[in-house]
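We count ligands from 1, going down the list as the structure has it; atoms in each ligand are counted the same way. Hydrogens, waters and symmetry mates play no part in the numbers below; they use all other heavy atoms, side chains included.
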Amino acid sequence: MRWVTAAGRGLLAAAAALGTAELAAGAIGRATASPVLAVGAGFIDLTPSWLKDFAIRTFGSNDKTVLLIGLGCGIAAAAAVIGLLSRRRLLWGLLGLALFGVVGVVAALTRPTAEAVDVIPAVFGAACGMAALALLTRSIRPTSGEATREEAGPIRVYDRRRVLLTSAGVAVAAAATGVGGRALLRRDNVSAVRRRLRLPAPVSRAKPVPSGAQVRVPGMTPFRTANSGFYRVDTALVLPQVDPRDWTLRIHGMVARPVELTFDDLLKLDLVERDITLSCVSNQVGGNLAGNARWLGAPLAPLLRRAGVRSGADQILSRSSDGMTISTPLQTVLDGRDALLAVGMNGEPLPIAHGFPARMVVPGLYGYVSATKWVVDLKVTRFATDQAYWTKRDYAERAPVKTFSRIDVPKPLARIKAGRVAVAGTAWAQHRGIDAVEWQVDDGPWRPAQLAPVPGIDTWQQWVAEWDAVPGSHTLRVRATDGTGATQPERRAPPLPDGATGWHSVVVTVT
Ligand SMILES: Nc1nc2c(c(=O)[nH]1)N[C@H]1C(S)=C(S)[C@@H](COP(=O)(O)O)O[C@H]1N2
Ligand SMILES: [Mo]
C-alpha cells in the first residue's frame with residue numbers, strides 16, 4: 001500500500017511538472033516548446049522508417065493520437081518510478097524529475113524551429129515538479145504529536161488531512177496550469193482568420209466531373225472526398241498556425257531573381273481550379289490513404305520561370321513553417337502538369353490540417369515528394385546538394401505514384417446473398433490515367449470491369465462489374481492497367497522505399 005501512495009506522489013509531481021510547463025509554453029506562445037509535444041515530435045523524427053511506416057499503415061490519420069497515448073503511458077510509468085525512488089530518498093526522486101527536465105530541454109532545442117526561449121517550459125516545469133514532490137513528501141512526515149504515540153509501537157501515524165490536502169492542491173494546480181496553458185496556446189489559432197478569408201474565383205475552372213463518375217452502388221467511395229473525410233498524414237504533432245497576413249513564400253537558391261510573395265500577391269495571381277487525387281506512399285494495397293479534392297491554386301511553373309531557374313538545378317526543396325522539408329523533382333513541376341501552390345480545397349480555404357494557408361499539390365507524385373503543407377520556402381537546388389526529411393530516411397527521391405486498384409464493395413468478409421451482386425471500386429494512376437480494370441473470382445478468368453468516366457488523368461477512377469455470385473467462400477481480386485499500358489504487378493512490395501505494389505483481394509461469403 002505504501003508503494004502505491006509513493007508511486008502516486010510521483011504521478012502527481014509529474015502532472016505538476018507537465019501542467020506548469022504547459023502554462024509556460026502558453027505564456028511564451030510556443031506550442032512546440034511544450035515538453036510533451038516536443039518529446040513526441042522528437043520521437044516521430046527518431047522513429048525508424050519501418051516503424052513509422054507501420055504506424056501510418058496501421059493507425060492512418062490516428063497515428064498521432066496513438067503516439068500521444070503511448071507517450072502518456074511512458075511518462076506515467078517513469079513518474080511512478082520517480083515516486084518509488086523518492087520513498088528511499090527524496091533526492092533520487094528530485095534527480096528523476098530533473099532528468100525529465102533535461103529530456104524536455106533537449107527535445108525542445110532540437111526542433112527544427114527551436115528558439116532559445118524554448119528551454120523555459122521544460123526548466124520551469126521540472127522545477128515546479130520538484131517543488132511538488134518535496135511538498136508531497138513533507139506531507140507524509142509524521143507530525144510532532146505522533147512522536148509520543150510512536151513510542152507506544154512501530155505504527156507511524158500520518159496527518160491524513162494534511163496528506164489529502166497537499167495531494168489535492170497539487171492535483172488542482174497541475175490541472176489548472178495545464179488547462180490554462182492550453183487556453184493560452186489557443187490564442188494563436190488561425191481558425192477565425194481562415195473562416196473570414198474569401199478566396200478569388202479561378203481564371204480557369206476545373207473540367208466538369210462527368211455525371212457517371214460516381215458509380216451508383218451502395219457503400220461506394222465518394223468520387224470527391226469531403227475535407228472532413230480527407231486522410232491526413234504529416235509529422236506535425238502541433239498543427240502549424242500560419243496567419244496569412246504574416247505568410248510569405250520565398251523562392252530562392254539556383255535562380256536568377258529570388259522571389260518573395262505575400263498571401264495577397266499569391267491571391268492576385270491567375271488561380272486555376274483542378275481535380276487532383278492525392279495519395280500517400282504509405283498506402284498499402286487496399287488502403288485508404290488517398291483522397292480526391294478540387295484544388296484552387298497558382299500554377300507553380302510560371303512562378304519558377306519568373307524566378308529564372310538556373311541550369312543544373314534538378315530539385316525543389318520546399319520547407320513548411322514547422323521546418324518539415326520535402327524534395328520534388330524540378331522537371332516534374334515544369335513538364336506542363338498542373339503543379340499548384342494551392343490555397344483552396346473543395347471550395348473553401350485549405351483546412352488547417354491540410355496546409356492552411358498554402359500548400360503544394362503535384363499530380364502524379366506521392367505526397368511525401370510533392371504536397372508540402374504550410375509551405376513557406378522553395379529552394380531551387382540539386383539532389384546532390386540537398387536532402388529532405390523522408391529522402392534522408394531511405395525513401396526514394398523520385399516517386400511517381402504507382403498504379404493502384406481497390407475493391408470498395410463488397411467489403412472484406414461480407415456475407416452476401418447469391419445472385420446478382422455489384423462489385424465496385426476505385427483505381428488510380430495519377431497523371432498516367434487508368435486504361436483498364438480487370439477483376440477475377442477465385443482463380444477464374446480475368447474479366448474487364450466497366451470504367452466510370454473521369455474529368456482527366458489526374459484523378460482516381462471508379463469501376464464496377466456485375467457478379468453472378470454462387471454460394472460458398474470466394475476471393476475477389478482486382479488489377480488495373482495505366483495509361484502507358486503497364487499492368488499492376490501481382491508481387492507484393494512494402495511502401496518503403498517508393499510505394500507498395502500488389503493486387504487487392506477481398507474474401508466474401510455467399511449464402
Ligand atoms: N508540412 C508537411 N507537409 C506534408 C507532410 C508533412 O509531414 N509535413 N506530409 C506529406 C505526406 S507524406 C502526404 S501523403 C501529404 C498528405 O496530405 P494531407 O494530410 O493533406 O492528406 O502531405 C505531405 N505534406
Ligand atoms: Mo505520405
Side-chain angles (χ1 to χ4, degrees), residues 32 40-41 44-45 47 49 52-57 59-64 67 111-113 224-242 247 249 276-284 287-295 297 316-328 339-346 348-378 388-397 399-402 404 428 430 460 494-500:
T32 51
I44 292 178
D45 291 350
T47 309
S49 293
K52 206 159 353 192
D53 187 62
F54 167 82
I56 296 174
R57 270 186 292 129
F59 306 117
S61 301
N62 297 319
D63 55 344
K64 288 173 198 73
L67 171 76
R111 295 286 74 229
T113 52
R224 170 106 67 91
T225 315
N227 290 353
S228 57
F230 208 94
Y231 82 98
R232 174 186 163 204
V233 169
D234 55 56
T235 57
L237 205 46
V238 183
L239 272 184
Q241 304 290 325
V242 183
W247 181 88
L249 178 77
I276 299 168
T277 296
L278 186 63
S279 56
C280 181
V281 69
S282 297
N283 191 50
Q284 57 188 335
N288 54 14
L289 296 178
N292 181 44
R294 177 159 288 186
W295 308 93
I316 299 174
L317 183 72
S318 49
R319 182 183 298 275
S320 64
S321 71
D322 64 344
M324 174 72 177
T325 51
I326 281 183
S327 60
T328 308
L340 303 179
L341 195 57
V343 294
M345 182 176 181
N346 290 329
E348 45 178 276
L350 291 174
I352 296 172
H354 296 289
F356 181 78
R359 76 175 302 169
M360 283 175 47
V361 176
V362 183
L365 297 182
Y366 283 122
Y368 86 97
V369 283
S370 68
T372 319
K373 306 192 269 189
W374 315 289
V375 65
V376 294
D377 190 287
L378 302 181
Y389 188 91
W390 288 110
T391 51
K392 273 183 208 152
R393 288 165 173 79
D394 303 333
Y395 279 87
E397 284 173 353
V401 294
K402 293 188 179 170
F404 259 74
W428 59 88
Q430 296 94 303
W460 59 18
L496 190 75
D498 62 354

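- Y395 meets the ring pair (Phe, Tyr, Trp, His ring centres under 6.0 Å) test with Y368, W390; sequence neighbours excluded.
- A 4.5 Å side-chain heavy-atom check between F356 and P351 finds every atom pair outside the cut-off.
- Proximity of T32 to D322: side-chain heavy atoms (C-beta onward) are nowhere separated by under 4.5 Å.
- Judged purely by atom type and a 3.5 angstrom limit, T328 uses its side chain to pair as donor or acceptor with the backbone of V369.
- Scored by the ring pair (Phe, Tyr, Trp, His ring centres under 6.0 Å) test, W428 finds F404, W460 as partners (sequence neighbours excluded).
- Applying the side-chain hydrogen bond (donor to acceptor under 3.5 Å, both in side chains) test to pairs two or more places apart or on separate chains, those with a residue in residues 224-238 are K64-D234, R224-N346, N227-N346, R232-D234, D234-K373.
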I'd like the atom pairs linking ligand 1 to the protein - N or O on both sides, separation under 3.5 Å - with distances to 0.1 Å.
residue  : atom   : partner : partner atom : Å
ligand 1 : 1 (N)  : S320    : OG           : 3.3
ligand 1 : 1 (N)  : K373    : O            : 3.1
ligand 1 : 3 (N)  : K373    : N            : 3.0
ligand 1 : 7 (O)  : T235    : N            : 2.9
ligand 1 : 9 (N)  : V233    : O            : 3.2
ligand 1 : 17 (O) : R359    : NH2          : 3.0
ligand 1 : 19 (O) : V233    : N            : 3.1
ligand 1 : 19 (O) : K373    : NZ           : 2.5
ligand 1 : 20 (O) : H354    : ND1          : 2.6
ligand 1 : 20 (O) : R359    : NH1          : 2.7
ligand 1 : 20 (O) : R359    : NH2          : 3.4
ligand 1 : 21 (O) : Y231    : O            : 2.6
ligand 1 : 24 (N) : A371    : O            : 3.0

